[in-house]
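What follows is a single structure, written as structure tokens, with notes after it.
In listed order, ligands and their atoms are each counted from 1. Position 1 is the first residue of the sequence, and the numbers go up from there.
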Amino acid sequence: MTGDFVSRVLAWFDDHGRHDLPWQADRSPYRVWVSEIMLQQTQVVTVIPYFERFMAHFPAVTDLADAPLDEVLHLWSGLGYYARARNLHRAAGVIRDRHGGRFPEAFDDVVNLPGIGRSTAGAILALARGQHHPILDGNVKRVLCRHRGIEGWPGRRAVETTLWEMADAFTPEENVAEYTQAMMDLGATVCRRGRPECSACPVSADCVALSRGRQRDLPAPRPRRERPLRHSRMLLVTDAAGRVLLERREPTGIWGGLWAFPELAPDETPEAWVSGCLGAEATSTETWPELRHGFTHFELAVTPHRVAIAGQPGIVMEDGRWLWYNPESPARIGTAAIVGRLLAGIAGKNDNETGSGERDESDGQVRVAGR
Ligand code: SF4
């Protein structure tokens with residue numbers, strides 16, 4: 001049965017799979033790795049320009065390892081889930097220092113790199129080296145859950161164990177790279193989350209979900225839970241030259257390592273902050289409408305406080321943590337999307353958009369594999 005499933009998927013892939021994605025040319029483990037990380041939460045069409053820019057800047061893994069983290073985050077700005085970029089940079093350093101600058105080819109070495117789990121390690125080695133490893137990304141989970149009628153949320157350990165066993169049993173000894181890409185493509189383009197196109201599916205004849213009309217129910221969704229609401233008051237300080245004060249976030253936590261606005265304590269006024277931290281006097285203050293930003297584990301309500309100050313103070317807290325940012329000639333730094341929007345608002349380019357919805361770009365776990 002598994003052989004028949006595989007041959008139908010492979011035949012479909014020949015005619016309908018994706019064969020000309022940028023990372024499919026010159027399939028080095030390094031290029032496949034970067035593409036797999038970028039694709040974890042993001043659709044192909046979004047990833048392509050980011051991937052090409054990334055490769056133009058860092059053609060080899062050692063280029064990535066030697067680059068400043070800020071440069072990496074800058075090239076990642078807008079893709080979200082910034083832990084991915086930080087882990088890529090850390091892993092590149094490990095490859096340079098422990099593997100002589102060559103991407104390792106042993107599964108245990110790959111899966112031990114920062115930010116690489118079992119499925120990603122399997123995908124890299126299967127796609128780039130044709131090694132026999134199963135993968136279980138969101139697309140493969142969806143196809144297997146529906147085709148085999150697997151009940152239960154795939155995040156539950158027992159369900160996941162069953163799916164891994166199934167993925168392993170289906171993965172062929174030969175044509176592993178093609179099969180791996182085919183399953184990703186099948187999930188992304190036919191067995192889609194919202195509207196699966198069962199009439200175009202190569203494995204529809206024995207699909208359990210289709211025969212029972214349960215495509216919409218499988219895979220079972222994550223059990224619902226309330227996300228707590230957190231509050232943040234961001235301080236948008238501009239000096240007489242129009243520069244904006246930014247602070248680098250701690251390396252861990254939300255927006256870790258990115259540049260953002262300083263945050264006010266709950267009982268602190270903007271005037272007191274600029275006086276105490278910059279020795280400056282506020283010439284005007286205004287409070288902008290609240291923004292909402294969804295993270296995996298919580299919702300963040302951001303209240304921006306715009307403060308203009310006189311003169312052009314130097315940085316009194318000079319330790320690489322603070323930056324006077326000039327929106328007219330932006331520095332190459334990594335900023336979270338919400339910060340970019342507020343900077344655009346300050347520059348007068350985007351005042352009307354500051355209240356619009358944002359996509360999740362938390363550093364939490366993968367929620368959707370959106371290829
Ligand atoms: S028949 Fe439909 S539900 Fe079943 S695997 Fe194919 S696309 Fe998915």
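- By the salt bridge (charged side-chain N to carboxylate O under 4.0 Å, His left out) test, Asp63 pairs with no residue at all, sequence neighbours left out.
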Please assess Asp14 against His19 for the test side-chain hydrogen bond (donor to acceptor under 3.5 Å, both in side chains), listing each intermediate value before the final yes or no.
-> CA-CA 9 Å; Asp14 276 349; His19 300 274; 5.6 Å; no
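- A ring-ring contact (aromatic ring centres under 6.0 Å, His included) with Trp255 holds for exactly one of Phe295, Trp76, Tyr82; it is Phe295.
- At least one cation-pi condition fails for Arg227 and Phe298: the charged atom is not both under 6.0 angstrom from the six-membered ring centre and inside a 45 degree cone around its axis.
- At a cut-off of 2.8 Å, measuring from atom 8 (Fe) of ligand 1, the protein N, O or S atoms that fall short of it are Cys191 SG, waters left aside.
- Annotation: cation-pi geometry not satisfied between Arg249 and Trp259 (NZ/CZ under 6.0 angstrom from ring centroid, within 45° of ring axis).
- For the pair Leu125/Pro29, no side-chain contact is recorded, criterion being any heavy-atom separation below 4.5 Å from C-beta on.
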